[in-house]
Amino acid sequence: MPQLTMGQALNQALKEEMTRDDTVFLAGEGVGVSIHDNPMLPTAGLLKDFGPRRVRDTPVSEAAIAGLAVGAAEAGLKPVVEIMFNPFFTLASDMIVNHAAKLRYLSGGKSTFPLVVRIKSGAGFGAGCQHSHNLEAWAAHCPGLKVIMPATAADAKGLLKSAIRDPNPVVFFEDMMLYFAPGPVPEGEHLVPIGQADVKRPGRDVTVVTWSRMLGVAFKAAEQLAGEGIDVEILDLRTLVPLDRAAILASVRKTGRLVVLHEATRTGGFAGEVAAVVMEQAFESLKAPLRRVTGPDIPVPASPPLERFYIPDAEQLVKAIRGIL
Amino acid sequence: MTIPKDKMLEMLHFLMLSRRFEEALTDLCRIEGKIPGMMILCTGQEAVGVGMVAALRPEDVIITNHRSHAHLLTKGADPKVLMAEIYGKRTGCNKGKSGTLHLALPEIGAPCTSTVVGAGPPIAVGRAFAQQYRNEPGITVCFVGDGATGEGSFHEALNLASLWRLPVIFVCENNRYAGAQRQEEHTRIENIADRAAGYRMPGVVVDGNDAMSVYTTALDARARAAAGEGPTLIECKTYRWRGHGESDPQLYQPKEEIAAWRALCPVARMRDAVRARGLISAEDLKAMEARVETLVQEAIRFAEESPYPEPHEALEDVYA
Ligand SMILES: Cc1ncc(C[n+]2csc(CCOP(=O)(O)OP(=O)(O)O)c2C)c(N)n1
């Protein structure tokens with residue numbers, strides 16, 4: 001299987017879907033001509049391949065970008081729009097939260113909104129809190145949005161293709177630090193179903209539920225603990241909404257222990273939802289209290305030691321796991 | 001209007017300081033691991049910030065954006081604490097929390113640098129509202145780029161500021177680009193200043209590479225604002241010599257265009273004007289250059305010698 005970075009895998013997904021379906025178009029700031037002349041980025045080269053009818057650079061106007069997607073989707077086009085950094089989700093949020101998410105319901109099911117909002121997210125590049133702020137729990141809290149946050153290049157490709165074909169609004173979070181991470185990616189028609197979690201590492205002793213860039217942290221901790229005979233199961237949610245509750249419950253019923261790991265801040269983070277599902281439906285299987293390992297409740301600071309402090313690491317996860325064994 | 005000698009020399013000083021401060025940053029960015037994050041410079045467009053802020057009084061407030069170094073230095077920011085913040089050091093003006101993109105210096109009337117494009121104008125409206133509400137003598141100046149005028153927040157803020165006759169000046173630093181987009185690729189109007197008419201406020205176009213023109217235009221707008229006559233939109237036509245950020249290879253900026261604008265260097269222009277009017281001797285100019293160099297080198301040394309914050313300091317200044 002060819003090795004691609006996540007950025008290349010996303011690029012392949014966009015290219016394949018645009019080739020397959022003329023109603024798919026891209027819009028956003030720098031999706032055509034970018035200040036980054038980098039072939040690893042998801043939209044690289046697409047303006048050249050598909051031309052300005054299909055690949056639209058917009059002014060710095062997030063509300064208009066998201067609204068464009070809503071209006072065009074109602075007309076049957078399949079917009080894939082980009083929000084440059086996760087914090088700017090707030091500027092697009094009226095169109096996404098009050099419109100994309102609600103209009104199908106408000107129409108009594110008559111209209112559909114087949115749109116994808118791609119959002120570049122994650123911390124780790126030293127730009128500080130107005131460029132790094134993971135808001136996936138906000139999107140997940142809003143009924144009417146599907147929420148995807150892939151961790152591997154293959155999943156990124158397969159999920160983006162599914163998202164573009166989905167008749168409903170999908171918010172698709174891409175961790176920018178993963179753009180350059182390589183992995184095997186199936187060629188051609190590779191679809192990953194929305195709403196299906198994936199056991200990335202089977203194990204007996206404890207379940208770690210995670211997604212996006214934190215999958216790497218989970219693997220690091222699991223390898224370290226394997227040396228001590230502790231067998232960690234890693235469940236990659238991939239999709240937050242709809243949530244694969246069955247996969248979470250099956251894993252926890254098997255291991256009896258749960259740690260939820262995410263980069264986003266703690267209070268109101270999606271770990272709370274995962275924890276609630278387990279408490280409601282698999283309480284009797286738990287051999288110990290569940291734990292959360294998350295970013296602390298602070299804006300992401302810019303200085304390198306402070307930003308490192310913010311981002312959850314394997315050491316914290318190992319400690320949390322040891323604490324419940 | 002003849003600008004007084006002291007003002008001319010002050011502006012020359014801040015033009016040279018901004019230029020040297022950022023040239024040093026360009027060099028430091030080439031050293032792996034030295035400067036975290038994105039580095040966004042105003043090299044080539046310093047006359048906008050310098051000319052505007054030179055027309056202000058200490059009680060005036062500026063709300064600035066990601067391209068803020070000249071604005072802040074001219075407002076009186078200590079180059080040492082700016083440099084230390086840019087390095088991510090504990091002695092920086094924001095203890096390492098902001099980095100170069102969100103420098104906050106309320107102590108000198110520069111409480112907010114927002115890197116969210118278009119966020120400045122509504123905040124400036126609030127700051128100016130407080131000045132009007134308390135009948136204070138100060139006014140507020142808000143810096144935005146040309147691209148920022150694509151955001152709805154810019155338009156909402158101008159309308160409200162005009163409606164309430166707030167003491168605020170909106171400065172559009174039109175450097176021809178918003179990211180990789182040329183002005184004509186993000187708007188069909190030629191002069192951003194034309195937007196002002198839609199809000200019934202004066203809109204003025206000025207040569208943004210001429211600190212003196214910016215300064216005199218700013219004085220007029222300041223007087224208007226302070227007299228309760230409301231806001232002004234000033235568009236300063238200028239150009240950024242470097243990429244959007246230091247990692248931008250500038251493939252979309254024609255080489256000849258950069259060269260043409262380099263020939264209009266705002267620092268050289270002021271230096272020539274000062275010399276032509278006989279306001280400074282060759283010797284004193286050398287001394288001024290030496291002072292600027294010392295300030296920049298001291299700032300770098302201070303940043304280099306300062307410690308990084310301890311990791312747990314990330315949890316300080318948190319209230320909820
Ligand atoms: C709300 C928002 N959208 C997008 C960005 C990314 N971004 C940073 S600067 C910039 C271009 C801004 O252009 P302009 O306002 O002309 O200012 P300049 O950079 O030219 O000084 C963009 C799109 C951002 N910081 N904030």
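Chain A is the first sequence line, chain B the second, and so forth, proteins listed ahead of strands; every chain is numbered from 1.
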Out of curiosity, A/H133 NE2 to A/F88 CZ, how far, rounded to the nearest 0.5 Å? 12.5 Å
Using non-hydrogen atoms only, which part of A/P87 is less than 4.5 Å away from chain B: side chain, backbone, both, or neither? neither
Just by distance, do the side chain of B/E22 and the backbone of B/C42 share a donor-acceptor pair under 3.5 Å? yes
Best-contacting candidate, B/H312, B/K95, B/Q253, B/K97, against chain A by heavy atom pairs under 4.5 angstrom: B/K97
Within the distance-only criterion (no hydrogens, no angle test), does the side chain of A/R54 pair as donor or acceptor with the backbone N or O of A/M18 below 3.5 angstrom? yes
A/F50 CZ to A/F25 CZ distance, which is reported to the nearest 0.5 Å: 14.5 Å
Is there a side-chain contact between B/Q45 and B/W241 (heavy atoms, below 4.5 Å)? no
Could you check A/I298 against A/Y310 for side chain to side chain contact (heavy atoms under 4.5 Å, CB included), going step by step and ending with a plain yes or no? CA-CA 8 Å; A/I298 58 172; A/Y310 171 85; 3.9 Å; yes
Note: vs chain A, highest number of non-hydrogen pairs under 4.5 angstrom among B/T149, B/D317, B/L101, B/N94 is B/L101
Enumerate by number any residue of residues 180-189 of chain B whose heavy atoms lie under 4.5 Å from heavy atoms of chain A; in the absence of such residues, state 'none'. B/A180, B/Q181, B/H186
Under 4.5 Å, heavy atom to heavy atom: which of residues 56-66 of chain A reach chain B? Give them by number, or say none. A/D57, A/T58, A/P59, A/V60, A/S61, A/E62
Using non-hydrogen atoms and a 4.5 Å limit, figure out which bit of B/S98 sits close to chain A: side chain, backbone, both or neither. backbone
Tell me whether the centres of the aromatic rings in B/Y308 and B/Y87 are closer together than 6.0 Å. no
Examine whether an atom of B/E85 lies under 4.5 Å from a heavy atom of chain A, and if so say whether it belongs to the side chain, the backbone or both; otherwise answer neither. neither
Is there a donor-acceptor pair under 3.5 Å between the side chain of B/T113 and the backbone N or O of B/H102? no
Interface check, chain A: of B/A178, B/G118, B/G243, B/G147, most non-hydrogen pairs under 4.5 Å belong to B/G147
Would you please say whether a donor-acceptor pair under 3.5 Å links the side chains of A/Y179 and A/D175? no
Got A/L261 and A/P312 here, is their nearest side-chain heavy-atom distance under 4.5 Å? yes
Could you check whether any side-chain heavy atom of B/H244 comes within less than 4.5 Å of a side-chain heavy atom of A/H36, counting everything from C-beta outward? no
Within residues 121-130 of chain A, which positions have a heavy-atom distance to chain B below 4.5 Å? A/F125, A/G126, A/A127, A/G128, A/C129, A/Q130
Any side-chain donor near an acceptor of the partner, B/K237 and B/N175, under 3.5 Å: no
Counting heavy-atom pairs under 4.5 angstrom with chain A, the leader among B/P311, B/G152, B/G37, B/S153 is B/P311
Under 4.5 Å from a heavy atom of chain A, the part of B/A320 involved: backbone
Under the salt bridge (charged side-chain N to carboxylate O under 4.0 Å, His left out) test, residues paired with A/E136 that sit two or more places apart: none
Is it true that a side-chain atom of B/S68 and a backbone atom of B/H71 form a donor plus acceptor pair closer than 3.5 Å? no
Considering only heavy atoms, which portion of B/V318 lies under 4.5 Å from any heavy atom of chain A: side chain, backbone, both, or neither? side chain
Reported NZ-to-CG distance for the pair B/K34 and B/L25, which is rounded to 0.5 angstrom: 12.0 Å
Does a donor on one side chain sit under 3.5 Å from an acceptor on the other, for B/T140 and B/R127? no
Okay, side chain of A/Q224, backbone of A/A221: is any donor-acceptor separation there less than 3.5 Å? no
